[in-house]
Trainee: 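Before we start, here is the structure in question, set down as structure tokens.
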Amino acid sequence: TRRFRGSIASIGHVTMVMSPWTGPRPLKRVWCLFEMYSAMADGVTLDMVIPRTQRTDFLDAIERDFDAPRNVLSSVDAEQAEASRESDRAGIFAAIASM
């Protein structure tokens, strides 16, 4: 995980595609969450983008409820995040616990 964080820091920019915006897949994947954490912890620019195909729905939702995007982001439950390999998931959680 140190190597991964070092790679993120050396790249200097992370872009997450938040799709679907109502329940973005990256917010449910442990590697993506760790990538976001690494970017924020190391002062790396982190951009979250919504696909153009979802823009109208996103803007309509904001008109109905301005807090809608914040509610999506605040609903993240890292303990429920998934990984293709359980060993990756366990390793990331162990690394976070040791920080």
Side-chain angles (χ1 to χ4, degrees):
T1 53
R2 279 191 203 132
R3 187 172 170 189
F4 181 80
R5 282 188 66 182
S7 296
I8 296 297
S10 69
I11 292 167
H13 193 133
V14 172
T15 300
M16 289 281 172
V17 179
M18 305 305 262
S19 179
W21 83 264
T22 55
R25 194 74 185 125
L27 300 181
K28 298 175 183 176
R29 303 289 302 163
V30 73
W31 272 113
C32 294
L33 291 174
F34 188 64
E35 186 174 358
M36 293 170 74
Y37 165 78
S38 298
M40 291 185 286
D42 295 331
V44 171
T45 300
L46 173 63
D47 291 328
M48 295 182 199
V49 297
I50 297 169
R52 285 189 176 124
T53 57
Q54 297 178 29
R55 183 175 179 194
T56 300
D57 184 46
F58 178 75
L59 293 174
D60 289 346
I62 290 174
E63 284 182 19
R64 288 189 307 276
D65 178 6
F66 189 75
D67 290 330
R70 182 176 25 169
N71 294 339
V72 168
L73 293 174
S74 65
S75 70
V76 173
D77 184 354
E79 291 181 356
Q80 298 301 313
E82 304 167 351
S84 298
R85 289 185 276 174
E86 183 56 34
S87 60
D88 284 353
R89 185 177 186 283
I92 289 170
F93 280 110
I96 291 169
S98 70
M99 291 180 184

Trainee: Report all side-chain donor-acceptor pairs from residues 87-97 shorter than 3.5 Å, counting only partners two or more places apart or in another chain.
Mentor:
| unit_1 | atom_1 | unit_2 | atom_2 | d |
| --- | --- | --- | --- | --- |
| Asp88 | OD2 | Trp31 | NE1 | 3.1 |
| Arg89 | NE | Ala81 | O | 2.7 |
| Arg89 | NH2 | Glu79 | O | 2.3 |

Trainee: State the CD-CG distance between Gln80 and Leu27, to the nearest 0.5 angstrom.
Mentor: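 Taking CD in Gln80 and CG in Leu27, the distance rounds to 14.0 Å.
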
Trainee: What's the separation between atom CG in Leu33 and atom CD in Glu82, rounded to the nearest 0.5 Å?
Mentor: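 So the gap between those two atoms works out to 10.5 Å.
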
Trainee: Who passes side chain to side chain contact (heavy atoms under 4.5 Å, CB included) against Pro26, sequence neighbours left out?
Mentor: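 So Pro26 forms a side chain to side chain contact (heavy atoms under 4.5 Å, CB included) with Met16, Met18, Pro24, Cys32.
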
Trainee: Could you pull out every donor-acceptor pair under 3.5 Å between side chains of residues 40-56 and any protein atom, sequence neighbours left out?
Mentor:
| unit_1 | atom_1 | unit_2 | atom_2 | d |
| --- | --- | --- | --- | --- |
| Asp42 | OD1 | Arg5 | NH2 | 2.6 |
| Asp42 | OD2 | Arg5 | NE | 3.2 |
| Asp42 | OD2 | Arg5 | NH2 | 3.3 |
| Asp47 | OD2 | His13 | NE2 | 2.6 |
| Gln54 | OE1 | Trp21 | N | 2.7 |
| Gln54 | NE2 | Ser19 | OG | 2.9 |

Trainee: For Ile62 and Pro69, work out which heavy atoms get closest and say how close.
Mentor: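 It is CG1-CG, 3.9 Å.
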
Trainee: Side chain to side chain contact (heavy atoms under 4.5 Å, CB included) with Arg64: which residues, sequence neighbours excluded?
Mentor: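 By the side chain to side chain contact (heavy atoms under 4.5 Å, CB included) rule, Arg64 matches Asp60, Ala61.
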
Trainee: Tell me, please, which residues at least two apart from Asp67 pass salt bridge (charged side-chain N to carboxylate O under 4.0 Å, His left out).
Mentor: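 Salt bridge (charged side-chain N to carboxylate O under 4.0 Å, His left out) check on Asp67 returns Arg70.
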
Trainee: Examine Phe34 and Val17 and state if one hydrophobic cluster contains both, with Ile, Leu, Val, Met, Phe, Trp and Tyr joined whenever side-chain heavy atoms are less than 4.5 Å apart.
Mentor: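 No, because Phe34 and Val17 fall into different hydrophobic clusters, even though each may have its own neighbours under 4.5 Å.
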
Trainee: What residues, two or more places apart in sequence or in another chain, satisfy salt bridge (charged side-chain N to carboxylate O under 4.0 Å, His left out) together with Arg2?
Mentor: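 With sequence neighbours excluded, Arg2 shows a salt bridge (charged side-chain N to carboxylate O under 4.0 Å, His left out) to no residue whatsoever.
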
